[in-house]
Amino acid sequence: MSRCVSDRRLLQAYYGEGDASKEPHLRTCLRCAGRLQRLTRDLQAVEQALRQAPPVAAVRHRAGARRRGVAVAAGLAAVLLFAGVEAWLWRESIVWVQPKPDHEPAETLAFLEQVSMVLSATGEEGNAFGAVLALPSDDADEPGGGEAEWLNGREEER
Amino acid sequence: MGTLTAVPPWHAQYEALYRQHWARVVRLCRLLLDDSEEAQEVAQEVFLRLAQRFQGPDSTTEWAAWLTRVSLNACHDRRRSGWWRRWRAGPRAIEEIDLVDGEPTPERAALQGEARERIWRAFQRLPPRQREVFVLRHLEGWSTEAAAGALALSSGSVKRHLFRAVRRLRGALGGDS
């Protein structure tokens, strides 16, 4: 089993916070000593870079990333707006094309009741009801036609 | 006959603190906010609070730590409230960009510039918490416990954030994690 320290332990050793029992190993193990040396060198380079102002390219990169973010947000907003407008138009169109009833419901019910009475009536009774029905019909204009006559004929056939 | 303006007794100490810490506070705010103009504004807020603190009955001796803590909190508040402003803002002004001095050779300067650029990009990609922990630990020289106290985190949490930040920054340098 390797006694070499983990990266986390190595970082703690760099800060002087690590396990004291590991310190002799860091002095004797060439591999770990080299790792600690590289860590020290890298962190010094990072600290030095961050103590200076950001380079131009990093600023440009950040500005580019921001612009990309704004473009994505704008695109998303446009899609949402389009979807919202489409949904609104769809709802409006449903309301607009809803068919309006030709007749009043009461009128239609009365007519259906009459039809039902005629169909269920027999003989003279039926003729009488048929005559009532013959009044405001489109078929009444047809020569020798009309619902009442047609119904009477049906009765005679029986 | 001219009028004498009364100079408050704390003015000399305030001036000394301003001269000593202004640049450090601005740099700290710039690292945390990633915006030079905002960093200047926040630093002004911090020193305004310092003046108010001098006028109050309470005073402290650890001004450097106090300034860092107040800067940290001010940056926190700014980041929370002004996210839209940062999105709206354009790139930094040209005067902020460093001019290359004549000391290193062009090749060396280019290599150093490239490494610096990679480090900055990696730093800008760090999550805010990792950034704060790294700045406090490395650039401000705070201990893990002090950073944990200032950020209201446990020491273990600070170590974890720090380890991740170091790994990412070293990754940018091409070093082993």
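Bear in mind that the values here come from a model prediction, so they are computed numbers and not experimental data.
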Any side-chain heavy atom of B:Lys159 within less than 4.5 Å of one from A:Arg8?
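With C-beta onward as the side chain, the pair stays apart.
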What's the spacing between [X] [atom1] and [Y] [atom2] if we round to 0.5 Å?
X       : Y        : atom1 : atom2 : result
A:Arg38 : B:Leu173 : CZ    : CG    : 13.0 Å
A:Gln48 : B:Arg116 : CD    : CZ    : 9.5 Å
A:Arg9  : B:Phe163 : CZ    : CZ    : 12.0 Å
A:Gln44 : B:His138 : CD    : NE2   : 10.5 Å

Using the rule that Ile, Leu, Val, Met, Phe, Trp and Tyr join whenever any side-chain heavy atoms are under 4.5 Å apart, tell me whether [X] and [Y] fall into a single cluster.
X        : Y        : result
A:Phe111 : A:Leu119 : yes
B:Val26  : B:Tyr18  : yes
A:Val5   : A:Tyr15  : yes

State, to 0.1 Å, how close B:Ile119 and A:Ala45 come at their nearest heavy-atom pair, and which atoms those are.
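Result for this residue pair: CD1-O, 3.9 Å.
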Kindly give the heavy-atom pair with the smallest separation between A:Arg51 and B:Leu139, and that separation in Å.
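The pair with the smallest heavy-atom distance is NH1-O, 3.6 Å.
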At a 4.5 Å cut-off on heavy atoms, which part of A:Ala73 comes close to chain B: side chain, backbone, both, or neither?
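No part of A:Ala73 comes within 4.5 Å of chain B.
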Under 4.5 Å from any heavy atom of chain B, what part of A:Leu50 do you find: side chain, backbone, both or neither?
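Contact with chain B is through both the backbone and side chain of A:Leu50.
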Out of B:Val166, B:Leu169, B:Val135, return the one with the most heavy atom pairs under 4.5 angstrom to chain A.
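Answer, by heavy-atom pair count under 4.5 Å with chain A: B:Val166.
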Would you indicate whether A:Leu30, at its atom CG, is surrounded by more than 12 heavy atoms from other residues, nucleotides or ligands within a distance under 6.0 Å?
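Counting other residues, nucleotides and ligands, CG of A:Leu30 stays at 12 neighbours or fewer.
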Does atom CD of B:Glu15 have more than 12 heavy-atom neighbours, drawn from other residues, nucleotides or ligands, at distances under 6.0 Å?
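Yes, enclosed.
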Please flag which part of B:Leu31 lies under 4.5 Å from any non-hydrogen atom of chain A: side chain, backbone, both or neither.
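For B:Leu31, the contact with chain A is made by the side chain alone.
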Side chain, backbone, both or neither: which part of B:Arg137 has a non-hydrogen atom closer than 4.5 Å to chain A?
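Answer is side chain: those atoms of B:Arg137 sit under 4.5 Å from chain A.
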Going through the distances and angles, do B:Arg167 and A:Asp7 end up as a side chain to side chain contact (heavy atoms under 4.5 Å, CB included)?
CA-CA 9 Å; B:Arg167 192 170 54 185; A:Asp7 289 333; over 6 Å; no
